[in-house]
Amino acid sequence: MQAERAVMARLRGARKRYGAVDALCGIDLELRGGELLALLGPNGAGKTTAIGLLLGLIRADAGTVELFGRDPQDIDARRRIGVMLQDAALPPTLKVGELLRLAASYYPAPRSVAEAADLAGISDLLARPYAKLSGGQQRRLQFAVALVGRPQLLFLDEPTVGMDIQARQKLWAAIRTLVAEGCGVVLTTHYLEEAEALADRVCVVAHGRIVSEGSVEALRARVARKRVWCETALPLAQVAAWPEVAEAVQDGERLCLATEFPELLVRRLLAEDLTLCALEVRAAGLAEAFTELTDAADAATRQREAA
Ligand code: ATP
């Protein structure tokens, strides 16, 4: 499936250094149409730098950066993208409808103001000046501005910060609609459930390197630990001492056990407690997988620095 999707933007061996800081240490990344790529990573990992390169806001020290096969500063390439950055500032006195009309005027085949406003859930705010919008409403308008040009590739940098749950879900639905229409989306977020809900592909960045890339399922599967829940008469302390158990906590009625050997553990639990019930085995959630990967990347960086 992935091979059929056109590559819209690409980083190859992209490096960026700020003084003594290696913001990006030579990364390869491809963005494709009809696919949502979530870029995850702790603060300072290099996500914004990667997006800045693809948008032509900063230049790479080495490697290549392509947007629709061109230099990212090429005007025709730029007319095919929509952008919602973290620090977007729009003219405070212009009204929502005016801002959308202005943004649409830069593009060759934009959406109507009504359609963009509807997708972003701000149809009732068209006459309101930007400065009179709440923080969450401003974010929704910034999203509408990003999509009004009918972009083929949409860059969303932490789009749902400051949004309430309803607004966030409305935005998720709009993003899904755009992806289904063939738009490529690159999303940076610190909300792992957001990546889990939306992403076709997840790329984890740490210390300027890509430490993992693949589907949410593949990322989870990379992390060896599974979780085993059960209701048991066995005491927590006894189970916690078994070599198959990496971590044991009481979770309401059930024990929650982390293990790298789920089959061995389940066999032992069933053998030692004939009354055991409510058994459940689960792979790691994205949050656990992410923490484990970035911890491993921290350790690798410390090792490189010490060498
Ligand atoms: P966050 O999640 O906090 O937004 P990020 O993954 O987007 O982080 P970047 O903003 O790309 O991270 O920063 C990567 C590294 O480069 C950080 O160490 C940051 O301090 C550094 N850096 C970024 N921009 C500059 C700059 N203009 N001058 C100096 N250092 C910079």
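Values reported hereafter were calculated over all heavy atoms of this structure, with side chains retained and with hydrogens, waters and symmetry mates removed.
- Contact check on R15 versus D61 returns no salt bridge, with no Lys/Arg side-chain nitrogen under 4.0 Å from an Asp/Glu carboxylate oxygen.
- In this structure, the side chains of L154 and L156 come closer than 4.5 Å at one or more pairs of heavy atoms.
- Taking NZ from K16 and SG from C25, the interatomic distance works out to 13.5 Å, rounded to the nearest 0.5 Å.
- R17 places a side-chain N or O within donor-acceptor distance of the main-chain N or O of G19, the cut-off being under 3.5 Å.
- Counting heavy atoms from C-beta on, the side chains of L171 and F143 come closer than 4.5 Å.
- Salt bridge status for R227 with E280: absent, with no side-chain N to carboxylate O gap under 4.0 Å.
- Checking side-chain atoms of K47 against main-chain N and O of P42 turns up a donor-acceptor pair under 3.5 Å.
- Contact of the L125 side chain with the L141 side chain is not registered, since no non-hydrogen atoms from C-beta on lie closer than 4.5 Å.
- You'll find the side chain of F68 reaches within 4.5 Å of the side chain of Q152, heavy atoms only.
- In this model, a donor atom of one side chain and an acceptor atom of the other lie less than 3.5 Å apart for T189 and E194.
- Atom CZ of residue R70 and atom CD1 of residue I75 lie 11.0 Å apart, to the nearest 0.5 angstrom.
- Grouped with L270 in one hydrophobic cluster are V228, L234, L236, V239, W242, V245, L255, L257, L265, V266, L269, L276, L279, V281, the linkage being side-chain heavy-atom contacts under 4.5 Å among Ile, Leu, Val, Met, Phe, Trp and Tyr residues.
- Within the 4.5 Å cutoff, the side chain of I81 has heavy atoms near those of the L67 side chain.
- R268 has a carboxylate O that lies under 4.0 Å from a charged side-chain N of E272, or vice versa, which qualifies the two as a salt bridge.
- In this structure, Q166 places its CD atom where only 12 or fewer heavy-atom neighbours from other residues, nucleotides or ligands lie under 6.0 Å away.
- Residues R111 and E181 are paired through a salt bridge, judged by an N-O separation under 4.0 Å between the basic side chain and the carboxylate.
- L37 is not connected to L40 by any chain of hydrophobic side-chain contacts under 4.5 Å among Ile, Leu, Val, Met, Phe, Trp and Tyr, and they are in different clusters.
- A 4.5 Å side-chain heavy-atom check between E231 and T275 finds every atom pair outside the cut-off.
- In this structure, R168 forms a cation-pi arrangement with Y191, its terminal cationic atom sitting closer than 6.0 Å to the ring centre and no more than 45° off the ring axis.
- In summary, the side chains of Q137 and Y130 do not present any donor paired with an acceptor at a separation below 3.5 Å, with no hydrogens or angles considered.
- Cluster membership for L31 and L198, using ILVMFWY side-chain heavy atoms within less than 4.5 angstrom, is not shared.
- To the nearest 0.5 Å, atoms CG (L99) and CZ (R128) are separated by 14.0 Å.
- Ion pair E35/R32 flagged as a salt bridge, since at least one NZ, NE, NH1 or NH2 atom sits closer than 4.0 Å to an Asp/Glu carboxylate oxygen.
- Contacts of T259 classified as side-chain hydrogen bond (donor to acceptor under 3.5 Å, both in side chains), with partners at least two apart in sequence or in another chain: none.
- Of the inter-residue distances, the one linking L29 atom CG with E213 atom CD reads 6.0 Å to the nearest 0.5 angstrom.
- Between the CD atom of Q138 and the CE atom of M163 there is a distance of 11.0 Å, given to the nearest 0.5 Å.
- Following chains of ILVMFWY side-chain contacts shorter than 4.5 Å, one can reach L85 starting from F155, so the two form part of one hydrophobic cluster.
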